[in-house]
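Here is the structure we will look at, set down as structure tokens.
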Amino acid sequence: MAAQTDPLFGTIPKETEIKKEERTNYMDLPTPIPFEEAHREAMMSLKPEHFEGMRFDFTKGLNPRFSLSHSLFMGPMEFPSQSSEVIKIPTSNYEFGANFIDPKFMLFGRMLTDGRLSARLKADLSDNLTLKGNAQLTNEPQMSHGMANFDYKGTDWRGQFQFGNGPLFGLSYIQSVTRHLSLGSEVFWAEQQRKSGLGVAARYNTDKMVATGQMASTGMVALSYVQKISEKVTLASDFMYNLMSRDVTASVGYDYILRQCRLRGKLDSNGCASAFLEERLNMGLNFILSAEVDHKKKDYKFGFGMTVGE
Amino acid sequence: MASRKGNNNDGVLSKVRNTINSSSIVQKGKQAASSASTVFWKVCKSTGKAAWYTGTTTLVLIVPLIIVMDREQQLIEVEQHNAALLGAPTGLSPSM
């Protein structure tokens with residue numbers, strides 16, 4: 001009997017503790033993460049930057065705030081085609097970049113040999129207001145674009161106003177509802193593509209897991225679930241459904257962060273298995289291996305790369 | 001003598017063979033065998049395909065994981081071994 005009452009006594013104070021915690025926390029809920037990054041953890045684990053061919057990245061810091069980057073890529077590039085088979089054309093390009101990083105002001109510029117030029121900017125205008133901008137210039141007339149975002153961080157909410165050329169306008173808002181749950185919504189309007197829409201998202205996160213769901217009036221439904229098994233291991237799964245095109249994709253993946261390497265693997269319902277290994281060979285020297293095997297399209301992509309610096 | 005005997009035997013054999021061949025059981029058996037062989041071939045092909053898919057998927061997803069985890073395990077063992085040998089760093093690291 002004593003053994004039975006003990007756990008009871010043990011549980012009652014716990015419940016009241018949790019209630020107390022929640023009650024106090026309703027006043028100061030944590031700041032949610034930005035609306036556009038609601039799927040951050042799932043994206044990190046399931047969508048590494050797969051590539052095919054060889055890449056070499058080199059970053060050299062000139063002083064603590066200013067650094068230059070050089071990157072070289074050689075390998076086949078995919079081009080869209082009418083038939084189901086993928087057309088690949090061997091390409092090579094070199095990218096030169098300059099970065100300026102200051103705690104309150106960041107500036108990144110990139111230039112490719114094929115004439116693409118891009119710039120990114122992040123500036124903290126005040127403690128709560130951040131301006132983000134990015135622009136891209138290309139030889140092709142329709143592909144150049146520019147965009148500016150104003151992010152406002154409140155105590156338990158975040159808002160974002162976005163405008164770009166086209167014109168394109170977007171507004172999003174996310175609010176913490178409880179300590180773990182946050183809800184958000186967005187409105188966007190793009191004249192060029194004659195599209196406008198509404199979206200809602202929910203995100204539930206604890207220390208061990210993150211579950212998110214997003215729906216947009218364009219017909220897109222995205223669900224994701226990430227479970228942290230231990231310090232090193234994370235498992236993630238996601239589900240995408242497009243009401244308009246009736247496309248369904250589900251994928252499961254693992255993410256191992258070990259002392260010398262990070263390995264991410266994924267298997268999806270389209271019959272595509274992929275793995276991405278980042279290996280730290282030395283201080284500031286990373287080796288990357290990327291593999292993607294698509295059984296359905298019979299498309300096999302393997303790549304290796306090296307990252308020096310940072 | 002031998003050749004005539006052989007002819008004789010041949011004749012009997014061919015007769016037997018003809019009667020066997022023309023019987024309905026044998027015809028059915030032949031059909032069954034041919035369809036069985038096609039089914040067998042299809043099963044072989046599909047199992048081969050399945051083996052290819054699972055094999056390549058394992059090679060991409062599981063093999064690197066095993067290698068990486070094995071190496072991590074070795075690293076931890078070496079570290080523990082070193083710590084046990086030296087002794088001093090173990091005393092220092094928890095206090096850090």
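Residue numbers begin at 1 in each chain, while the letters A, B, ... track the order of the sequences.
Other residues, nucleotides and ligands contribute over 12 non-hydrogen atoms within 6.0 Å of the CZ atom of Arg110(A). Applying the 6.0 Å contact sphere to CG of Asp70(B) captures more than 12 heavy atoms from other residues, nucleotides or ligands. Lys208(A) NZ: more than 12 foreign heavy atoms inside a 6.0 Å radius. Taking a 6.0 Å sphere around CZ of Phe79(A), one finds it holds more than 12 heavy atoms contributed by other residues, nucleotides or ligands. Within 6.0 Å of atom CZ in Arg120(A), 12 or fewer heavy atoms from other residues, nucleotides or ligands are found, so the atom counts as exposed in its surroundings. The environment of Met43(A) atom CE is sparse: at most 12 non-hydrogen atoms of other residues, nucleotides or ligands sit within 6.0 angstrom. For CD1 of Ile25(B), the number of neighbouring non-hydrogen atoms (other residues, nucleotides, ligands) closer than 6.0 Å is 12 at most.
Atom OG1 of Thr54(B) is separated from atom NE2 of His295(A) by 8.5 Å, given to the nearest 0.5 angstrom. With values rounded to the nearest 0.5 angstrom, Arg71(B) atom CZ is found 5.0 Å from Cys261(A) atom SG.
Only the side chain of Glu279(A) comes within less than 4.5 Å of a heavy atom in chain B; its backbone stays farther off. Heavy-atom distances place no part of Leu59(B) under 4.5 Å from chain A, backbone and side chain included.
Of all non-hydrogen atoms in Ala291(A) and Val60(B), the two that sit nearest each other are CB-CG1, 4.3 Å. Of all heavy-atom pairs between Lys232(A) and Ile76(B), the closest is NZ-CD1, 3.8 Å.
When Val293(A), Leu263(A), Leu267(A) are compared by the number of non-hydrogen pairs under 4.5 Å with chain B, Leu263(A) comes out ahead. Of the residues considered (Cys272(A), Ala273(A), Gly271(A), Gly253(A)), Ala273(A) shows the highest number of contacts with chain B, using heavy-atom pairs under 4.5 Å.
Here the side chain of Tyr256(A) pairs no donor or acceptor atom with the backbone of Met69(B) at under 3.5 angstrom.
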